[in-house]
Structure formats: C-alpha cells, structure tokens
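Along the sequence shown, residues are numbered consecutively beginning with 1. Model, not experiment: these values are computed from the prediction.
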Amino acid sequence: MSDVIAPADISARIPPWVPKETYSYLAHTEGGTSLRALARNAGVHASTILRQVRSVEARREDVLVDLLLQRWGRRVQTEGDAPYQEIDDDLSGEQLKREACRVLGHLTDPAAVLAVVADMEKAVIVHENADGDTTRRATLDRTVAEALAFKGWIGCDTPGKVLKYRITATGRAALGKIMAQSEMRALERSMGQSMREIRGLGEDQSAFRHDRFGDEMDGSDAPAGRQTRFQSTETPLALLARRRDKDGNLFLGQDLVVVGERMHEDFVLTGMTHRRDETWDQFLCRAQDAPAGSPQSRRAQDRLIGALRDLGPGLGDAVLRCCCCLEGLELTEKRMGWSARSGKIVLRIALQRLKRHYAALGDAGALVG
C-alpha cells in the first residue's frame with residue numbers, strides 16, 4: 001500500500017452519494033495525505049480543505065455517523081479493498097432513496113421516533129403515545145439509519161444507550177424532493193409521454209400541480225396566474241390522527257392508523273399506480289389482470305385485492321385514495337362527489353372495517369416492515 005491515499009482512490013471504496021468533502025477527510029485522516037497536497041489536487045486553498053475536514057470530524061459526535069466513518073476508514077486502510085459495487089454493507093443511491101422515502105415518511109409523524117442501539121444490527125421506528133406506551137411501526141437495517149444520519153436527514157435528540165432520532169428540516173426537504181422525482185416517473189409511466197414532454201412539464205410548474213401519487217391537474221383547479229405548491233409531506237392519516245372530536249378524543253386511534261399503513265405497504269409492494277379517475281372496481285379489474293412480479297409482490301397484490309373486495313365501493317375508494325395513494329381528504333371528496341367534511345367519516349368507517357379484515361388474517365395481517 002502506498003504512503004498516501006488520494007481522494008480518487010477513495011471514491012472507488014465508498015458509495016457515490018457520499019459528499020466529496022468526505023473523500024478529503026478520509027484521505028487525510030486514514031490515508032495520511034496532507035492538507036496541502038489535497039488542496040493542490042483540488043485546486044483550492046488549504047484552509048478550504050481544513051474546513052471540510054473539521055466539518056466531517058465534528059459530525060462524529062453522532063454515534064451512527066461515527067460507526068459509518070469507522071467502517072469506511074477500515075476499508076480505506078485495507079490493501080486491494082473491493083470497489084463500491086461489490087460491497088454489500090452499503091446502500092446504492094436508489095436504495096437510499098427508496099429507504100429514505102419509507103423511513104422519513106414514518107418520521108413525519110411528530111410522535112414517531114427511530115430508536116437504535118449501537119451494537120444492534122436493526123433499528124426500529126416506534127410511535128410514542130401520550131400515556132408513554134410505544135407501538136412498533138417499522139424495522140430497518142442499522143446501515144440504513146447510519147446513511148440517513150450521515151446525510152443529516154435524521155438527528156439524535158436523546159444520546160444514551162438507546163439512541164432516538166427524529167426527522168430534521170433537511171430530511172423533510174429531501175423527502176419532498178424524492179417524492180417529486182417519483183411523481184415525475186409515475187407520470188411518465190401512466191401517461192405514456194416521452195421524456196422530452198415530461199421535462200417540458202417539469203420546467204413550467206405554474207400550469208399544473210401534482211397530487212402526492214403522481215396525478216396531473218390542469219390549471220382550472222387553481223386561480224389564474226397563480227402557482228400552486230406540492231402538498232405537505234405528511235400523510236392524510238398522520239394529519240387526521242392529530243384531529244380531535246367534539247369530546248376532545250383523537251379522531252383516529254393508533255390502531256386505525258396502523259391498519260391504514262399496512263394497506264399502504266401492500267400497495268407499494270405491488271409496484272402499481274392508481275389513475276386519478278379510476279374507481280374502486282376499475283382498479284380491482286386492472287390489479288387482477290396485472291402480470292405477476294416477484295413472489296413477495298404477488299402476495300402483496302393478493303392481499304390488496306382481498307382487502308379492497310372486503311371493503312366494497314365507497315369504503316374501498318376512500319382507503320385506496322387516502323391510504324394507498326396518499327390523496328388528501330378534500331381532493332377525495334371532490335373527486336368522489338361527497339359533501340364537504342364527509343370524507344373523514346367514510347375513511348374512519350373504512351379503517352374500522354379494514355381492521356377487522358386484517359385481524360381475521362392473523363399473522364399475515366401484521367405490518368411487513
């Protein structure tokens with residue numbers, strides 16, 4: 001092994017989504033390359049490299065970030081280490097986006113936290129109830145939590161043996177960007193337009209706005225000359241779960257939120273999309289005729305079809321739009337022709353029916369994550 005390691009050498013040993021200043025940090029701390037040599041190589045002043053190194057070093061106070069940098073450091077020090085694409089303990093860029101969408105989506109709920117113990121291989125997302133009880137929402141590999149912490153998308157507010165992380169402002173912005181990119185891809189698939197046409201739409205946001213699941217709405221739904229915005233990254237269930245009835249009780253119990261998320265999991269696993277004008281029965285017909293994917297996707301497709309059949313029209317429409325596609329209640333009411341503020345009543349009844357459906361499935365009705 002040579003006496004020093006250049007940033008170019010490190011780029012082949014860590015994921016491509018890692019910021020370039022980390023290359024300089026590892027080249028200096030693990031590879032022995034001087035700050036001046038790094039500055040000459042980058043064509044910047046040595047003080048710039050010093051600030052980058054100090055910035056990364058300061059982040060090692062976070063246990064998950066420190067563990068990740070330790071692993072990368074050992075890899076840098078290993079002669080002939082495998083290139084990034086052959087290393088299994090890292091996430092690719094697409095895997096990071098996919099996991100970020102799932103994990104950060106859960107963490108948009110103010111009562112949700114990501115809990116992890118440093119020497120455990122798994123992390124868990126739990127919902128902390130007002131009475132102190134917790135409900136498990138999802139599990140994930142610790143490497144996913146490390147990557148999210150390194151990106152600054154989650155932050156630890158309770159250091160200790162059990163680390164508790166919450167979504168940061170940077171994480172919320174990243175989630176919105178990832179969802180917007182996903183919506184553009186969904187538009188391309190569902191509308192069959194060329195990439196050139198899609199890019200044209202993306203450059204002029206004033207003519208339309210996107211629903212959370214990739215629909216396109218024409219300018220008649222917004223005041224003339226006024227640019228609309230993307231909806232909140234919080235799900236309709238998370239927003240509704242914070243509302244209270246006239247007696248001060250939560251409108252949706254945590255048990256109903258969980259079954260709604262269970263439905264959303266199966267919908268995501270199927271890889272299907274929902275068209276904005278598609279009714280419950282039309283979606284069912286298309287789902288039944290959809291080609292079989294992986295065994296996991298096929299099982300999720302069967303569970304989704306079974307649940308929608310049990311709910312029937314009306315209730316099935318509410319769950320399909322609000323839980324699976326994350327469409328807002330007001331938009332659902334408008335598209336279904338329901339009276340104002342009736343959507344939340346229909347959705348609650350649908351979730352109560354869905355809870356009984358999943359209870360009848362036994363262990364098969366539990367959250368996959």
request  = Test Leu67 against Trp72 for side chain to side chain contact (heavy atoms under 4.5 Å, CB included), laying out the working first.
outcome  = CA-CA 9 Å; Leu67 288 171; Trp72 289 342; over 6 Å; no

inquiry  = Let's go through Val65 and Leu69 carefully: what are the C-alpha distance in whole Å and the side-chain angles of both, what is the deciding distance for side chain to side chain contact (heavy atoms under 4.5 Å, CB included) to 0.1 Å, and is it a yes or a no?
reply    = CA-CA 6 Å; Val65 174; Leu69 287 171; 3.9 Å; yes

task = Any chance you could lay out the side chain to side chain contact (heavy atoms under 4.5 Å, CB included) test for Leu104 and Ile154, step after step, and finish with the verdict?
result = CA-CA 8 Å; Leu104 298 180; Ile154 58 174; 3.9 Å; yes

task = Evaluate the criterion side chain to side chain contact (heavy atoms under 4.5 Å, CB included) for residue pair Tyr165 and Leu148; output intermediate values, then yes/no.
result = CA-CA 10 Å; Tyr165 286 80; Leu148 295 177; over 6 Å; no

query = Does the pair Arg102 and Glu265 meet the rule for a salt bridge (Lys or Arg N to Asp or Glu O under 4.0 Å), with working shown?
reply = CA-CA 9 Å; Arg102 178 174 74 96; Glu265 269 195 344; 5.4 Å; no

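The number of heavy atoms from other shown groups lying within 6.0 Å of CZ (Arg36) does not exceed 12. Shown here is Lys164, whose NZ atom has no more than 12 heavy atoms of other residues, nucleotides or ligands within 6.0 Å. The 12-atom threshold is not exceeded at CZ of Arg54, counting heavy atoms of other residues, nucleotides or ligands nearer than 6.0 Å.
Judged purely by atom type and a 3.5 angstrom limit, Thr332 uses its side chain to pair as donor or acceptor with the backbone of Gly328. Looking at Ser339, its side chain never comes within 3.5 Å of a backbone N or O of Ser342 through a donor-acceptor pair. For Asp66 (side chain) and Val63 (main-chain N/O), no donor-acceptor pair under 3.5 Å exists by modelled atom type. Asp109 places a side-chain N or O within donor-acceptor distance of the main-chain N or O of Ala111, the cut-off being under 3.5 Å. Judged by distance alone, the side chain of Arg166 and the main-chain N or O of Gly155 form no donor-acceptor pair under 3.5 Å.
Under 4.0 Å is where a charged nitrogen must lie from a carboxylate oxygen, and between Asp266 and Arg299 no such pair does. Taking 4.0 Å as the cut-off between side-chain N and carboxylate O, Arg71 and Glu146 count as a salt-bridged pair. The residues Asp310 and Arg353 are annotated as not salt-bridged, no charged nitrogen and carboxylate oxygen being separated by less than 4.0 angstrom. Comment: Glu21 does not engage Arg51 in a salt bridge, judged by the lack of any side-chain N to carboxylate O separation of less than 4.0 angstrom.
Taken from CE in Met263 to OH in Tyr358, the straight-line distance is 5.0 Å, to the nearest 0.5 Å. In this structure, the separation between OG1 on Thr168 and CH2 on Trp153 is 9.5 Å, given to the nearest 0.5 Å. A distance of 7.5 Å separates CG of Asp62 from CG of Leu163, quoted to the nearest 0.5 Å. Here Leu315 contributes atom CG and Gln352 contributes atom CD; the two are 10.0 Å apart, rounded to the nearest 0.5 Å. Put simply, CZ on Arg262 and SG on Cys323 are 12.5 Å apart, with the number rounded to the nearest 0.5 Å. Rounding to the nearest 0.5 angstrom, the gap separating the CD atom in Gln296 from the OG1 atom in Thr270 is 11.0 Å.
Considering all non-hydrogen atoms of both residues, Ala138 and His106 come closest at CB-NE2, 3.9 Å. When all heavy atoms are compared, the tightest approach of Ala123 to Ala145 is CB-CB, 4.4 Å. Contact detail for Arg142 and Val117: the closest heavy-atom pair is CD-O, 4.4 Å. Between Ala115 and Val162, the shortest heavy-atom contact is CB-CG1, 4.2 Å. When every heavy atom of Cys101 is checked against every heavy atom of Ile178, the shortest pair comes out as CB-CG2, 4.4 Å. When every heavy atom of Leu107 is checked against every heavy atom of Ile167, the shortest pair comes out as O-CG2, 3.3 Å.
With a 4.5 Å cut-off on side-chain heavy atoms, Leu304 and Phe283 count as touching.
Val346 and Met336 fall within the same hydrophobic cluster, where Ile, Leu, Val, Met, Phe, Trp and Tyr residues are linked whenever their side-chain heavy atoms come under 4.5 Å apart, directly or through other members. Connection of Val259 to Ile345 is established within a shared hydrophobic cluster, with ILVMFWY side chains joined at heavy-atom distances below 4.5 Å, either directly or through further cluster members. Following chains of ILVMFWY side-chain contacts shorter than 4.5 Å, one cannot reach Ile125 starting from Val268, and the two form parts of different hydrophobic clusters. Both Val56 and Trp17 are part of a single hydrophobic cluster, where members link through side-chain heavy atoms under 4.5 Å apart. Residues Val126 and Leu252 fall into different hydrophobic clusters, defined by Ile, Leu, Val, Met, Phe, Trp and Tyr side chains chained together at heavy-atom separations under 4.5 Å.
Between the side chains of Thr135 and Gln254, no donor-acceptor pair is found at a separation under 3.5 Å. Residues Glu57 and Tyr25 have side chains that bring a donor and an acceptor to within less than 3.5 angstrom of each other.
Under the side-chain contact (heavy atoms from CB on, under 4.5 Å) rule, His28 has a single partner from Leu50, Ile49, Leu38, which is Leu38.
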